[in-house]
K.L.:
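Here it is: the structure, laid out below.
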Amino acid sequence: MSTTLPPPGPGHAPWTTDPYANALRNGRGPLFLRRPDGWLLPLDVERWCADADAADLSALHRCEGPVIDIGCGPGRLVAALTARGHRALGIDVSDAAVDHTQRLGGSALRRSVFDPLPAEGRWGTALLIDGNIGIGGDPGALLRRVAVLLAPSGLLVAEAAPQDVDERVQVRLDDGRGAAASAPHFRWARVGAAALLRYARSCDWQPVDEWEADGRPFLALRHARTLRSPNLAARRPRDLSPWCDAPASHHR
């Protein structure tokens with residue numbers, strides 16, 4: 001199912017509410033996204049708060065150059081990349097997520113992907129893992145934004161939903177105990193691999209790899225401008241001084 005929603009904005013408020021922050025601090029759920037019709041999508045908080053697993057590593061092994069993890073959550077991917085010698089930065093709208101990432105030894109900023117970000121146009125790889133292709137409720141708008149963040153040689157590694165789905169809806173965070181009944185609604189999207197490929201191609205992204213690990217489908221994509229420019233494709237972003245000059249966290 002696909003519905004039309006207004007263009008996404010920063011949308012900081014929903015993920016700063018207590019259900020999400022409490023789940024990250026406790027390292028466990030229950031935590032869900034609830035649609036207006038009552039349908040619940042379970043969020044895998046325990047996996048997010050654990051070390052990077054084999055499926056995660058299958059994505060991280062493909063990363064090139066400095067990496068920006070969009071919607072980094074509690075920071076397991078940033079920590080794993082840092083341990084492997086990558087320069088990695090996580091961004092998330094949740095203070096709890098940023099704090100958790102920093103406690104793991106990773107770098108993180110409290111930002112939305114739709115905010116101004118450090119080193120725009122110079123990132124080697126961008127990650128959209130754990131359903132984060134849904135951020136803002138408009139995969140096309142998100143893919144166009146990521147194209148601006150990456151260097152001309154940049155790689156996008158995105159995780160798709162395991163189901164053949166194309167859904168854009170309003171949801172709210174729910175802890176399964178009724179404590180979040182007043183949590184604000186926000187736009188979200190779920191797209192399977194086929195739908196993600198359709199959105200990507202409509203925004204001039206081309207797939208360069210596709211695989212599945214532990215039931216989780218992933219795609220690696222490059223923007224068409226890279227494929228048309230071999231000289232640019234050989235370049236690697238080196239100067240990330242705006243990131244180096246940025247504070248450790250940012251509060252609006």
Side-chain angles (χ1 to χ4, degrees), residues 1-50 53 55-56 59 70-74 76-77 92-94 96-97 112-114 127-143 145-146 158-200 202 212-219:
M1 153 178 138
S2 178
T3 57
T4 301
L5 296 174
H12 284 246
W15 296 94
T16 62
T17 56
D18 286 342
Y20 183 62
N22 289 341
L24 294 194
R25 292 188 186 105
N26 295 331
R28 62 182 185 275
L31 190 66
F32 307 91
L33 294 181
R34 176 186 285 271
R35 292 192 315 214
D37 63 5
W39 183 88
L40 295 174
L41 174 67
L43 301 179
D44 200 350
V45 177
E46 289 82 357
R47 180 171 62 79
W48 297 352
C49 291
D53 61 19
D56 296 327
I70 298 166
C72 66
R76 77 186 189 284
L77 303 182
D92 203 287
V93 298
S94 162
S112 163
V113 65
F114 298 106
L127 298 178
L128 286 170
I129 308 297
D130 298 329
N132 285 334
I133 187 64
I135 289 172
D138 185 337
L142 181 57
L143 289 168
R145 173 61 176 145
V146 174
E159 180 178 355
Q163 303 86 13
D164 183 14
V165 62
D166 182 0
E167 178 180 64
R168 291 191 278 170
V169 293
Q170 297 277 348
V171 296
R172 64 173 173 82
L173 287 165
D174 191 302
D175 60 6
R177 296 184 286 262
S182 61
H185 283 83
F186 58 97
R187 292 164 290 194
W188 195 252
R190 287 196 309 140
V191 293
L196 178 51
L197 281 170
R198 288 196 300 272
Y199 285 115
S202 72
E212 184 173 305
D214 195 23
R216 295 166 59 191
F218 297 90
L219 289 90

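From a predicted model like this one, the values you see are computed outputs, not experimental measurements.
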K.L.:
How close do Ala160 and Gly192 get, counting heavy atoms only, and between which atoms?
P.N.:
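Minimum heavy-atom contact is CB-C, 3.6 Å.
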
K.L.:
Where is the tightest heavy-atom contact between Pro139 and Val191, given as atom of each residue plus distance?
P.N.:
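Minimum heavy-atom separation between Pro139 and Val191: CG-CG1, 3.9 Å.
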
K.L.:
Do Leu41 and Val171 have side-chain heavy atoms sitting under 4.5 Å apart?
P.N.:
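No, every pair of side-chain atoms sits at 4.5 Å or beyond.
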
K.L.:
Supply the atom-to-atom distance Phe32 CZ to Asp175 CG, rounded to the nearest 0.5 angstrom.
P.N.:
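Interatomic distance, Phe32 CZ to Asp175 CG, rounded to 0.5 Å: 9.0 Å.
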
K.L.:
Judged by atom type as modelled, is there a donor-acceptor pair below 3.5 Å linking the side chain of Asn132 to the main-chain atoms of Ile129?
P.N.:
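At least one qualifying donor-acceptor pair exists.
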
K.L.:
Counting N and O atoms only, with roles assigned by atom type, does the side chain of Arg145 sit under 3.5 Å from a partner on the main chain of Val113, one being a donor and the other an acceptor?
P.N.:
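Side chain of Arg145 to backbone of Val113, a donor-acceptor pair under 3.5 Å: yes, one is there.
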
K.L.:
In Å, rounded to the nearest 0.5 Å, how long is the span from CD of Gln170 to NE2 of His185?
P.N.:
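Reported to 0.5 Å precision, the distance equals 7.5 Å.
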
K.L.:
Could you tell me if the side chain of Phe186 sits less than 4.5 Å from the side chain of Leu33, heavy atoms only?
P.N.:
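Yes, their side chains come closer than 4.5 Å.
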
K.L.:
Shortest non-hydrogen contact from Leu40 to Pro42?
P.N.:
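In terms of heavy atoms, the two residues are closest at O-CD, 3.6 Å.
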
K.L.:
State, with a plain yes or no, whether a side-chain heavy atom of Ile133 is found less than 4.5 Å away from one of Leu142.
P.N.:
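Side-chain contact under 4.5 Å: yes.
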
K.L.:
For Glu159 and Asp130, indicate whether the former's side chain and the latter's backbone hold a donor-acceptor pair under 3.5 Å.
P.N.:
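Answer holds: yes.
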
K.L.:
Just by modelled atom types, is the Arg216 backbone N or O under 3.5 Å from a matching donor or acceptor in the Asp214 side chain?
P.N.:
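No, Asp214 side chain to Arg216 backbone: no donor-acceptor pair under 3.5 Å.
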
K.L.:
Just verifying a value: how many Å separate Asp56 CG and Phe218 CZ, rounded to the nearest 0.5 Å?
P.N.:
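These two atoms lie 6.5 Å from each other.
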
K.L.:
So, are Arg76 and Asp53 salt-bridged, with charged N and O less than 4.0 Å apart?
P.N.:
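No, this pair does not count.
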
K.L.:
What is the distance from atom CG of Asn26 to atom SG of Cys49, rounded to the nearest 0.5 Å?
P.N.:
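These two atoms lie 9.0 Å from each other.
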
K.L.:
Using side-chain heavy atoms (C-beta onward) and a distance below 4.5 Å, is Leu43 in contact with Trp48?
P.N.:
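Result yes, sub-4.5 Å side-chain heavy-atom pair found.
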
K.L.:
Looking at side-chain heavy atoms only, is the closest gap between Arg168 and Asp138 below 4.5 Å?
P.N.:
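Yes, close enough: below the 4.5 Å cut-off.
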
K.L.:
Closest heavy-atom contact between Ala96 and Leu24?
P.N.:
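Of all heavy-atom pairs spanning Ala96 and Leu24, the closest is C-CD1, 4.2 Å.
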
K.L.:
Any non-hydrogen side-chain atom of Arg34 less than 4.5 Å from a side-chain atom of Trp39?
P.N.:
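Arg34 does not reach Trp39 side chain to side chain.
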
K.L.:
Are any of the side-chain heavy atoms of Leu219 and Leu197 separated by less than 4.5 Å?
P.N.:
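A side-chain contact exists here, since the closest heavy-atom pair is under 4.5 Å.
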
K.L.:
Does the side chain of Arg35 come within less than 4.5 Å of Glu167's, by heavy atoms?
P.N.:
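Yes; the side chains approach each other to less than 4.5 Å.
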
K.L.:
Do other residues, nucleotides or ligands put more than 12 heavy atoms under 6.0 Å from Asp164 CG?
P.N.:
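No, CG of Asp164 has 12 or fewer neighbouring heavy atoms, counting only those of other groups under 6.0 Å.
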
K.L.:
What are the two closest non-hydrogen atoms of Leu196 and Ala158, and how far apart are they?
P.N.:
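What the structure gives for the nearest pair is CD2-CB, 4.0 Å.
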
K.L.:
Do you know the tightest heavy-atom contact between Gly136 and Phe114?
P.N.:
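Looking at all heavy atoms of both residues, the shortest contact is CA-CE1, 4.4 Å.
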
